[in-house]
A.B. asks: 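Here it is, the structure, as structure tokens.
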Amino acid sequence: MKDIEIKKLLSLEENRQQNTIDLIASENYVSKDVREALGSVFVNKYAEGYPGARYYAGNTVIDALEKLVIQRARKLFKLSSKKWDVNVQPYSGSPANLAVFHALIPHGEKIMAMSLDMGGHLTHGHKVSVTGKLWEQVPYGVDKLSEEIDYGELLHIALIARPKCIVAGGSAYARIVDFKRMRTIADEVGALLLVDMSHFAGLVAGGVYHSPFPYADIVTTTTHKTLRGPRSAMIFSKKEYTPAIGKIVFPGMQGGPHMNQIAAVGVALHEAGTPQFKNYAARVVENAQILARELERLGWRIVSNGTDSHLFLLDVMSRGISGKTASDALERAGIILNKNMIPFDTRKPGDPSGIRIGTPAVTTRGMGKKEMKLIAEYISTILLKKNIAEVKGVVQKLAKKFPIAR
Ligand SMILES: *Cc1c(COP(=O)(O)O)cnc(C)c1O
């Protein structure tokens with residue numbers, strides 16, 4: 001690279017990633033092949049429109065590419081082309097969700113979704129998101145004791161509010177979501193069921209989390225979290241919703257699709273269909289469960305008492321430490337994660353009571369049971385303010401033992 005300034009920053013970031021332990025639940029390390037597709041000449045092409053109906057010339061190869069990626073998406077999630085369509089053009093998860101709501105829910109109507117502080121996502125109608133300005137969010141949460149979704153309460157809220165759409169899936173909920181129950185509730189009130197599987201798509205692909213497709217009308221997902229692809233998103237829709245969604249994605253909200261990004265999604269979808277990925281997905285969940293259990297053993301409170309997925313929340317305030325203090329201290333020692341609200345949090349989002357811990361990235365690096373036990377010890381030691389400097393050294397040593405793909 002001739003650009004010295006960017007090259008320097010790139011090298012610094014490579015070193016940062018190599019020398020730290022990444023427990024951010026929404027991050028992962030993509031393969032070299034994914035990066036090769038992202039950095040390919042596909043970046044040069046304008047392809048407004050859809051396969052067979054483009055506004056620019058020169059799209060024969062691009063058409064073949066987009067069709068192949070759609071076919072791979074269907075194959076990975078075992079979908080029949082008679083029932084399901086896939087739009088692979090959304091630039092990322094937020095525009096994908098906005099496109100679905102825009103296409104199917106009249107402005108001002110109600111969208112029922114898990115509230116952000118209970119584990120939901122901004123784009124599901126939170127007031128600071130444009131989705132919360134165009135539609136009215138009807139929030140649901142978790143039971144105070146079990147900290148799991150209370151489906152009886154969910155039905156109760158839905159019956160009163162009569163939302164047009166119910167959203168399942170969030171960004172900080174550790175447990176299996178009962179899509180079947182949610183389908184029944186959606187049917188009872190005549191709402192669409194949207195499953196946003198952004199966080200657990202890779203677990204579904206790997207067969208360790210149940211598939212939302214038998215129950216949902218629409219499924220959205222990012223491709224860069226557990227699915228381990230480039231930053232992008234897909235919208236899966238039952239046939240009847242496809243034309244409206246297609247028109248909103250393009251020309252409604254976007255211009256030319258990022259074909260290099262779509263090529264990279266194709267590579268990731270192929271990788272996610274391999275036996276190695278199945279094994280990866282199983283180890284992601286296993287690692288999360290070991291890490292949670294070890295932290296619990298060291299006296300830390302895990303929200304909902306454990307996890308069925310790739311992430312969990314640690315209630316650090318239960319030992320008098322705020323989420324921000326915890327995440328700052330951990331960062332100083334080379335452990336990277338995010339502060340997070342916990343259910344019924346009495347503190348503010350900027351300095352909440354919890355931290356979120358996820359294992360997709362460390363599992364990609366090849367870490368397993370032994371390393372999870374070590375990481376639990378490091379986290380505990382740092383949070384209890386014992387020997388941060390010393391721990392920083394061992395964290396870096398551990399990280400160096402598991403190189404990232406360059
Ligand atoms: C990450 C995420 C998104 C948004 O994805 P971006 O690509 O960051 O826009 C949407 N929904 C859920 C549930 C997510 O976890």
Side-chain angles (χ1 to χ4, degrees), residues 22-28 30 34 38 87-102 105 111-132 134-135 137 139-142 149 165-177 179 182 193-205 209 212 216 218-237 245 248-249 253-254 257-258 261-262 264-265 268 284 288 307 309-313 337-341 349 356-361:
D22 183 4
L23 295 174
I24 294 181
S26 50
E27 290 187 3
N28 214 326
V30 300
V34 167
L38 265 180
N87 192 313
V88 296
Q89 295 193 5
Y91 298 147
S92 211
S94 304
N97 284 340
L98 183 56
V100 170
F101 295 140
H102 233 303
I105 313 296
I111 292 169
M112 184 164 164
M114 186 174 246
S115 62
L116 187 66
D117 55 343
M118 294 278 182
H121 194 265
L122 280 169
T123 59
H124 298 170
H126 189 275
K127 62 179 192 300
V128 303
S129 154
V130 67
T131 55
L134 296 176
W135 297 276
Q137 190 197 55
Y140 66 84
V142 296
I149 295 173
C165 178
I166 299 180
V167 185
S171 55
Y173 185 68
R175 295 304 189 169
I176 298 278
V177 177
F179 303 129
M182 304 224 28
L193 180 61
L194 163 66
V195 178
D196 180 347
M197 64 169 184
S198 289
H199 258 270
F200 51 86
L203 306 183
V204 174
Y209 196 104
I218 314 284
V219 175
T220 55
T221 186
T222 54
T223 51
H224 47 279
K225 297 177 185 174
T226 48
L227 201 51
R228 212 160 67 182
R231 315 195 75 84
S232 193
M234 300 186 284
I235 302 171
F236 298 82
S237 55
I245 291 170
I248 291 295
V249 172
M253 280 175 56
Q254 299 188 169
H258 300 174
Q261 190 185 21
I262 291 171
V265 168
V284 166
T307 177
S309 65
H310 60 299
L311 64 78
F312 58 90
L313 295 174
L337 45 65
N338 62 284
K339 55 183 183 280
N340 215 98
M341 300 279 272
R356 188 180 67 164
I357 298 181
T359 51

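Order of listing sets the numbers, starting from 1, for every ligand and every atom in it. When reading the values below, keep in mind they use all heavy atoms of this one structure, side chains included, and skip hydrogens, waters and symmetry mates.
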A.B. asks: Within ligand 1, which atoms have a heavy atom of His199 less than 4.0 Å away?
C.D. replies: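 Every atom of ligand 1 under 4.0 Å from some heavy atom of His199: 15 (O).
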A.B. asks: Going by the angle between their ring planes, with limits at 30° and 60°, are Phe179 and Tyr209 parallel, tilted or perpendicular?
C.D. replies: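 Ring orientation, 0 to 90° scale: tilted.
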A.B. asks: Taking the six-membered ring for Trp and the full ring for Phe, Tyr or His, determine whether the centres of His310 and Phe200 are under 6.0 Å apart.
C.D. replies: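 No: the rings miss the under 6.0 Å criterion.
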A.B. asks: Take every heavy atom of Ser26, measure it against each atom of ligand 1, and state whether any distance is under 4.0 Å.
C.D. replies: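 Under 4.0 Å: no for Ser26.
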A.B. asks: Under a plain distance cut-off of 3.5 Å, with no hydrogens placed, do Asp196 and His121 share a side-chain donor-acceptor pair?
C.D. replies: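 The answer is no; no qualifying pair exists.
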A.B. asks: For atom 5 (O) of ligand 1, tell me which residue out of Thr222, Leu122, Val195 has the closest non-hydrogen atom.
C.D. replies: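 Looking at heavy atoms only, Thr222 sits closest to atom 5 (O) of ligand 1.
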A.B. asks: I want to know if ligand 1 touches Ser92 in the polar sense, i.e. an N/O pair below 3.5 angstrom.
C.D. replies: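 Yes, since at least one N or O of Ser92 sits under 3.5 Å from an N or O of ligand 1.
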A.B. asks: What atoms of ligand 1 come closer than 4.0 angstrom to any heavy atom of Asn97?
C.D. replies: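 This gives 10 (C), 11 (N) as the contact atoms.
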A.B. asks: In ligand 1, which numbered atoms sit nearer than 4.0 Å to a non-hydrogen atom of His224?
C.D. replies: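 The atoms of ligand 1 under 4.0 Å from a heavy atom of His224 are 7 (O).
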A.B. asks: If you count the atoms of ligand 1 from 1 in the order shown, which ones are under 4.0 Å from a heavy atom of Asp196?
C.D. replies: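 Reading through ligand 1 atom by atom, the close ones are 10 (C), 11 (N), 12 (C), 13 (C).
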A.B. asks: Provide, to 0.1 Å, the distance between atom 9 (O) of ligand 1 and the closest protein heavy atom, together with that atom's residue and name.
C.D. replies: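 Residue, atom and distance for the closest contact: Ser94 OG, 2.6 Å.
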A.B. asks: Looking only at the side chains, is there a donor atom on one of Ser129 and Thr131 sitting less than 3.5 Å from an acceptor on the other?
C.D. replies: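 There is such a pair between these side chains.
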A.B. asks: What atoms of ligand 1 come closer than 4.0 angstrom to any heavy atom of Ser171?
C.D. replies: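 Answer, ordered by atom number: 15 (O).
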A.B. asks: Nearest protein heavy atom to atom 1 (C) of ligand 1, by residue and atom, and its distance?
C.D. replies: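 In this structure, atom 1 (C) of ligand 1 has Lys225 NZ, 1.4 Å as its nearest protein heavy atom.
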A.B. asks: Record the part of Arg231 in heavy-atom contact with ligand 1 below 4.0 Å; permitted values are side chain, backbone, both and neither.
C.D. replies: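 Neither part.
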A.B. asks: Atoms of ligand 1 less than 4.0 Å from Gly170 heavy atoms?
C.D. replies: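 Every atom of ligand 1 under 4.0 Å from some heavy atom of Gly170: 13 (C).
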A.B. asks: With respect to Gly93, determine whether any N or O atom, backbone or side chain, lies less than 3.5 Å from an N or O atom of ligand 1.
C.D. replies: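 Yes, there is a polar N/O contact under 3.5 Å.
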A.B. asks: Tell me which protein heavy atom sits closest to atom 10 (C) of ligand 1, plus the residue, atom name and distance to 0.1 Å.
C.D. replies: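 Result for atom 10 (C) of ligand 1: His121 CE1, 3.3 Å.
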A.B. asks: Could you tell me which non-hydrogen atom of Gln261 sits nearest to which non-hydrogen atom of Leu38, and how far apart they are?
C.D. replies: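 In this case the closest contact between Gln261 and Leu38 is CA-CD2, 3.8 Å.
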A.B. asks: Determine, using heavy atoms of Met197 and all atoms of ligand 1, whether some pair is separated by less than 4.0 Å.
C.D. replies: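 Heavy atoms of Met197 never come under 4.0 Å of ligand 1.
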A.B. asks: Can the ring centres of His124 and Trp135 be said to be less than 6.0 Å apart?
C.D. replies: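 For His124 and Trp135, the ring centres are not under 6.0 Å apart.
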